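First comes the structure, then the notes that go with it.
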Number of protein chains: 2
Amino acid sequence: MAKRISHKDSMCGVARPLDAIGDWWSLLIIRDAFDGLRRFGEFQKSLGLAKNILSARLRNLVTHGILDTVPASDGSPYQEYVLTQKGQGLFPLLVALRQWGEDFFFAPGEPHVTLVDTKSNQPVRRLELRAQDGRMLMAEDTIVVAPPLVDGRE
Amino acid sequence: MAKRISHKDSMCGVARPLDAIGDWWSLLIIRDAFDGLRRFGEFQKSLGLAKNILSARLRNLVTHGILDTVPASDGSPYQEYVLTQKGQGLFPLLVALRQWGEDFFFAPGEPHVTLVDTKSNQPVRRLELRAQDGRMLMAEDTIVVAPPLVDGRE
DNA sequence: CATATCGGTTGCAAATTGAAACCACAAGAG
DNA sequence: CTCTTGTGGTTTCAATTTGCAACCGATATG
């Protein structure tokens with residue numbers, strides 16, 4: 001489960017998260033959690049995966065601090081899985097994934113679900129990357145730079 | 001390779017993309033592609049994965065229309081892998097992943113690379129979801145709604 | 001007591017992954 | 001021409017992961 005980048009022990013800001021959510025099911029579980037699902041059985045019914053897989057994924061997400069187990073909300077003697085702060089932080093990523101999926105994985109005119117703002121009942125705006133001064137940025141307008149070196153070490 | 005959601009044949013806007021980029025390596029390859037890498041050997045050196053895996057991933061990304069193979073740019077008789085339009089569309093997702101990773105996978109003060117706007121040399125703004133009228137939206141302010149039904153069928 | 005439901009764990013077979021070896025082709029080197 | 005080197009893979013095979021199905025334990029329910 002704990003994979004490692006082979007040739008470099010310190011993983012970058014893109015690689016580290018993939019250790020936590022880099023598999024097929026985890027993001028779908030998290031999406032369902034955003035949709036309000038909380039119980040083991042709810043996830044299983046919604047996703048249709050094997051119970052051992054779901055069990056392993058939930059455990060992984062909990063140990064990574066993305067989900068938390070809380071005792072119960074209705075009388076039942078079981079536990080529920082809820083998003084932590086860290087898990088909630090995945091919302092933009094999920095929206096980005098959804099928007100990309102809608103852009104490129106649906107035929108034009110093919111119906112699909114839409115993410116709407118509950119207040120206005122309008123679809124949400126497209127995610128867009130902007131500079132500090134508000135200019136919209138394309139990929140070519142950006143570059144990743146190394147952190148300022150504090151010691152002598154690279 | 002072509003996994004299917006078990007109990008429902010039509011996959012939603014979140015699930016469909018995961019068939020294309022839902023594994024550990026693909027997103028890292030795409031990130032490297034955004035960083036300008038194009039050659040098989042460059043990807044392999046950068047990521048340190050086995051050549052058969054890289055070969056399979058690149059093939060998968062090409063068949064999904066995320067990468068394209070172009071003959072050569074310098075004289076060498078080989079081919080290069082470049083992002084298609086569809087692949088470029090993944091940039092916001094990659095940024096979202098990076099920002100989430102920087103938020104939650106680095107100790108406070110721990111140095112990490114930063115995505116900066118090349119024009120101003122400033123870090124890019126945080127991705128944020130907004131309504132049509134510009135209000136910022138949290139996850140709780142949104143809901144996914146089914147498409148309008150055109151026929152009688154669900 | 002019998003039965004069902006929820007939330008798992010345990011086998012076990014099948015698919016996937018990945019390290020290492022091998023292969024094909026082109027360009028130099030001697 | 002032969003030998004070697006670099007690039008871009010494919011093949012082989014062992015180890016890991018996945019996932020179906022069966023089982024399990026605790027708690028209601030009839």
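By convention in this document, chain letters (A, B, ...) are assigned in the order of the sequence lines, proteins followed by strands, and residues within each chain are numbered from 1. Every value quoted in this text rests on a predicted model; they were computed, and no experiment measured them.
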At 4.0 Å (heavy atoms only), tell me whether B/Q79 reaches a base, stays on the sugar-phosphate, or touches nothing. sugar-phosphate

OP1 or OP2 of D/dT10 sitting under 4.0 Å from any side-chain N/O of B/S55? yes

I want to check something: taking the side chain as every heavy atom from C-beta on, are A/R125 and B/L137 in contact at a cut-off of under 4.5 Å? no

Atom CZ of A/R38 to atom P of C/dG7: distance rounded to whole Å? 13 Å

Note, B/L61 side chain near B/I21 side chain (heavy atom, < 4.5 Å): yes

Below the 4.0 Å mark, does D/dT18 have OP1 or OP2 next to a side-chain nitrogen or oxygen of A/W25? no

How many whole angstroms separate atom CZ of A/F43 from atom P of D/dG19? 18 Å

Do any side-chain nitrogens or oxygens of B/R39 fall under 4.0 Å of OP1 or OP2 in D/dT7? no

How close or far is atom P of D/dT7 from atom CD of B/Q44, stated in whole angstroms? 11 Å

Is there a side chain to side chain contact (heavy atoms under 4.5 Å, CB included) between B/V124 and A/D141? Walk through the geometry before answering. CA-CA 10 Å; B/V124 301; A/D141 304 322; over 6 Å; no

Just how far, in rounded Å, is C1' of D/dA22 from NZ of A/K51? 10 Å

Distance check needed: C/dT9 P versus A/R57 CZ, whole Å only. 14 Å

Contacts of A/F43 that satisfy ring-ring contact (aromatic ring centres under 6.0 Å, His included) - sequence neighbours left out: none

Base, sugar-phosphate alone, or nothing: which one does B/Y81 contact when heavy atoms must sit under 4.0 Å apart? sugar-phosphate

Between B/S76 and A/I53, who's closer to the 5' end of DNA chain D by nearest nucleotide? B/S76

Give a yes/no on whether any side-chain N or O of A/R59 is located under 4.0 angstrom from OP1 or OP2 of C/dT9. yes

Go through D/dT7, D/dC20, C/dT5 for me and flag the one nearest to the B/Y78 side chain. D/dT7

Rounded to whole angstrom units, what separation is found between the CG atom of A/N52 and the C1' atom of D/dT17? 11 Å

Let me know the distance between CG of A/N60 and C1' of D/dT17, rounded to the nearest Å. 13 Å

In the structure I gave you, are the side-chain heavy atoms of B/F91 and A/E140 within less than 4.5 Å of one another anywhere? no

Integer-rounded Å distance: C/dG7 C1' and A/L49 CG: 14 Å

